[in-house]
Amino acid sequence: MGQPFKIDARDGQARAGVLRCAHGDVRTPAFVPLASNASVRGLLPGEVAELGYDMVLGNTFHLFITPGADYVAAAGGLHRFMGWDGPIVTDSGGFQVFSMGHGSVADEIKGRRDGRRSMVHEISEDGVRFQSYTDGGERFMGPETSMQVQAKLGSDIALAFDECTPFHADRTYTMRAMERTHRWLDRCIAWHGEHAPASQLLYGIVQGGVHEDLRRESTDYVAQAAVDGIAIGGSLGQGKEQMREVVGWALRGLPDERPRHLLGIGDVDDILHAVAAGIDSFDCATPTRLARHGTALVPDPTRRWRLDLTKGASAGSDEPIATGCPCPACRSHTRGYLHYLARHDELTGARLITLHNLTFMAELMAGLRAAITAGALAAYTDKVLAGEAPDSASDSCAQLAGHNCPNELQAVRTSACCRAGTARCRRSAAGRCRGRRARRRCRRHRRRAARARRPRSPSGPRAAAGTGPSGGCARCA
RNA sequence: GCGGACGUAGCUCAGCUGGUAGAGCUCUCGGUUGUGGUCCGAGCGGUCGCGGGUUCGAGUCCCGUCGUUCGCC
């Protein structure tokens with residue numbers, strides 16, 4: 001097939017273009033909302049399109065488990081099934097298999113926690129045997145399975161089946177998994193070439209964890225492969241600095257003319273950096289998942305672009321989430337109302353905040369496309385990083401002093417970077433308080449001290465015996 | 001009126017034969033980047049209904065009292 005990706009404008013490494021798919025064009029850089037289970041949770045397909053999205057992401061793994069590829073195929077394919085007639089990219093299921101093996105994806109991929117009970121029974125050259133989360137039965141998925149499911153779903157873009165290695169995997173395991181993923185890629189290409197609809201594009205996935213040489217090797221391998229686009233996956237490290245470094249390694253040597261997708265990334269600052277580095281599309285759970293849990297995206301870098309509406313601060317507020325935002329939540333409703341809805345798990349709240357967050361992301365991406373076209377990406381990036389609403393790309397750049405300073409970036413993400421330090425500080429301040437029992441004991445001591453300080457009737461037999469730290473108690477003495 | 005059961009954190013309740021008051025939920029604060037309408041941390045919060053008594057020591061045993069509830073007159 002011809003070259004599906006056309007780059008219309010460049011600004012540094014960044015590109016703005018159009019990805020031509022069987023069901024229409026995708027304007028890039030693009031954010032792709034998640035519709036893992038054939039639904040952008042809470043929204044109608046028409047609403048997603050109206051917000052300015054060209055493509056959504058379905059998930060091979062989820063749809064394979066339920067309702068099954070044949071069920072969707074019998075309904076006329078994923079587009080007709082879910083009522084979305086625009087482009088769809090389907091994730092291959094490799095990541096989900098990985099996440100089942102390690103409990104929490106988010107924690108494990110960042111190296112924050114050890115793996116838990118695994119639902120993965122075996123990873124072999126053939127593929128992965130795992131336990132279904134719905135009925136507990138054993139299932140199998142390999143490169144051919146994934147490709148076949150994606151062919152039956154009829155997505156516009158299929159992703160190759162990969163193994164996403166966790167942060168804690170050692171270099172040897174990461175390397176072997178990467179090499180196996182490369183062999184799986186060849187099998188995906190072979191199956192896809194023979195059986196998949198000609199119009200379906202195929203992306204290869206770069207792995208290699210946080211190791212520079214492995215990332216380069218993987219990039220080279222995927223770059224020489226007969227794929228229509230390249231996705232960057234796997235563990236991108238523990239923090240944003242490391243992620244940017246790893247993405248940089250993965251991008252080096254990629255063919256310029258093919259589209260690049262960064263899997264699973266969606267924080268505002270991460271998108272700004274990745275677009276500047278040459279990424280064309282993103283998918284991420286954050287905007288929609290945060291919305292369902294009551295957090296709205298706002299133009300405020302000091303709060304990591306987040307406003308938790310469930311917090312008391314929004315109670316009774318008559319402000320909108322963001323002044324000037326054109327979304328239904330901001331046009332017609334107050335933070336106070338959304339606070340109430342979110343507190344009580346009202347579906348309307350999840351829906352309104354989802355509409356808002358996707359509006360925010362759509363404006364961010366539209367602004368990026370316009371800025372690249374106008375050759376003003378740096379100015380636009382600076383404005384967004386300075387906390388201005390992400391929809392104005394044409395104005396000149398007001399340089400934000402020190403926004404690139406690593407320390408300031410670190411301050412922005414205090415939780416991610418400084419949390420360990422804070423915990424350490426607390427513990428060392430408490431001296432002996434290491435471990436749960438010790439901490440509890442300390443709390444008790446604090447309570448006892450507080451109780452002793454509290455004025456208490458000195459008369460009565462208990463007071464006489466019980467006030468001192470060890471008064472009369474044989475065990476304490 | 002008589003008899004029984006029960007009063008412990010904001011809520012629902014654990015606390016064995018007396019030995020430094022606990023859990024779950026709520027609440028507050030963090031976190032949650034290829035989505036399980038989640039999940040993971042931490043924190044705040046108790047005059048153990050009230051008053052006596054026994055004991056070195058009482059949520060726990062004894063007496064009284066108030067309240068809730070069930071049953072019987």
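Letters go in sequence order (proteins before strands), and every chain restarts at 1.
- Using the Watson-Crick or G-U wobble rule with both distances under 3.5 Å, B:C72 pairs with B:G1.
- Nucleotides B:G4 and B:U12, compared at atom C1', are 23 Å apart to the nearest Å.
- The base of B:G34 is paired with the side chain of A:D162 by a donor and an acceptor separated by under 3.5 Å.
- Salt bridge status for A:D269 with A:R244: present, with a side-chain N to carboxylate O gap under 4.0 Å.
- Remark: B:C61 base-pairs with B:G53. Criterion, Watson-Crick or G-U wobble with two distances under 3.5 Å.
- In this structure, A:K311 atom NZ and B:C27 atom P are separated by 10 Å, rounded to whole Å.
- Residue A:I205 is classed as a base contact, given a heavy-atom separation below 4.0 Å to a base.
- Within the 4.0 angstrom heavy-atom criterion, no nucleotide atom of any strand lies near A:N37.
- Under a 3.5 Å cut-off, the side chain of A:D280 and the backbone N or O of A:P29 do not form any donor-acceptor pair.
- B:U38 atom C1' lies 12 Å from atom NE2 of A:H62, rounded to whole Å.
- Look at CD1 on A:I157: it is 18 Å from P on B:G34, rounded to the nearest Å.
- In this structure, B:G24 and B:C11 make a Watson-Crick or G-U wobble pair, each of the two defining distances being under 3.5 angstrom.
- Using a 4.0 Å cut-off between a side-chain N of Lys or Arg and a carboxylate O of Asp or Glu, A:K311 and A:D308 qualify as a salt bridge.
- Following rounding to the nearest Å, A:L290 (CG) and B:G30 (C1') show an atom-to-atom distance of 14 Å.
- Side chains of A:N37 and A:H62: no donor on one and acceptor on the other come within 3.5 Å.
- Using N1 to N3 plus N6-O4 or O6-N4 for Watson-Crick, or N1-O2 and O6-N3 for G-U wobble, each under 3.5 Å, B:G46 pairs with nothing.
- The distance from atom CG of A:L272 to atom C1' of B:U33 is 15 Å, rounded to the nearest whole Å.
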